[in-house]
Amino acid sequence: MESVRARAPSSTANLGPGFDVFGLALDAFYDEVTLTKKNNGITILTSDLIPTSPEKNTAGLVVTHMKKKFKIQSGVEIKIKKGVPAGFGMGSSAATAAAAAVAFDRLFGLGLDDITLVASAGVGERASAGSIHYDNVSASILGGFVIVRTKPLDVIRITPPRDLRLCVAVPKISVPHKKTEVSRGAIPQNVSFIDSVMNMSNAAAIVAGFAKGDSQLIGSSIKDIIVEPARQHLIPGFSQVKKNALDAGAFGVTISGAGPSVIAFAARNSNLKKIADSMRRGFASANTNCEVLVCKPSQGAKK
Ligand code: HSE
């Protein structure tokens, strides 16, 4: 095979209390990466507004790393088509990194295991987020709901309930350069023991919700008293968006990843249009337009 194309989905990280630990692949948007064997070097082709030098490009970093690690001599041409909006807490760089790692594995017939794929994609994600966290890349590669542990890196995947639905409101605001770094800067250095117990109880209930296939239990456990309060000032109208969505029947609402998108958890039989409209109105109360996507969990790039 001389050329391989992989598609990787958007994702939401944290799901409230699972900071840097939980991820969920979402079928809202996809990135597409096509890798082609060439005589030498790494070249990047894209019509999107992203860097095209391999050392500054997420897919370029992943391919450079994998070529070296797996001793691949061949050159590689990387074609990137972005679908996931960058900088909105939807796992944009992770989707590019995930698609690149999966395509590389297939192109060179490496047969890598899940953890090696996640670790390889994490190299690209690290460069754009400024820190190592594997929540988005794991979800984007493996699909479904993931629990990430580090030292050593390990990922547990659970297939989400079939009726789980999400409303993601993506506000039309300009996001700061290196948004994830800025957003991580808002997180408290120390947390009280009582607060950590509260967050842990809800995180455990979310895992139980996925294990039991109970969308209501998942959604009603999306409660984070540590990171969300520290970050919400970065999102205009956040409290109103959250209140409106809960009033409209969402089971739980929180910041998607490092924000500024807001995600509401619901089920197929919820009034999804009402929830979406209520989120739009919430942002409008802060003079902010937004796009609301009603979506489902996605299978990952590896499927
Ligand atoms: N868990 C990370 C954060 C996700 O919230 O900072 C960033 O994409």
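Numbering of residues begins at 1 and proceeds along the displayed sequence. Order of listing sets the numbers, starting from 1, for every ligand and every atom in it.
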Which ligand 1 atoms does [X] reach within 4.0 Å, using its non-hydrogen atoms?
| X | value |
| --- | --- |
| Gly257 | 5 (O) |
| Arg184 | 1 (N), 2 (C), 3 (C), 6 (O) |
| Phe19 | 3 (C), 5 (O), 6 (O) |
| Asp20 | 1 (N), 2 (C), 3 (C) |
| Arg231 | 3 (C), 5 (O), 6 (O) |

Has Ser10 got a side-chain atom pairing as donor or acceptor with Leu26's backbone, closer than 3.5 angstrom?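 A pair under 3.5 Å: yes.
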Is the backbone N or O of Ala284 less than 3.5 Å from a side-chain atom of Thr288, with the two atoms forming a donor-acceptor pair by type? no
Partner residues of Arg280 under the side-chain contact (heavy atoms from CB on, under 4.5 Å) criterion, sequence neighbours left out: Ala276, Asp277, Cys290, Val292
N-O pairing of [X] and [Y] below 4.0 Å:
| X | Y | value |
| --- | --- | --- |
| Asp48 | Lys82 | no |
| Asp247 | Arg281 | no |
| Lys79 | Glu32 | no |

Side chain, backbone, both or neither: the part of Asn136 lying under 4.0 Å from ligand 1 by heavy atom: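 Looking at Asn136 and ligand 1, just side chain atoms fall under 4.0 Å.
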Please work out, at 4.0 Å between heavy atoms, whether the side chain, the backbone, both, or neither of Lys179 comes within that distance of ligand 1. neither
Polar-atom distance check: Thr180 versus ligand 1, any N or O pair below 3.5 Å? no
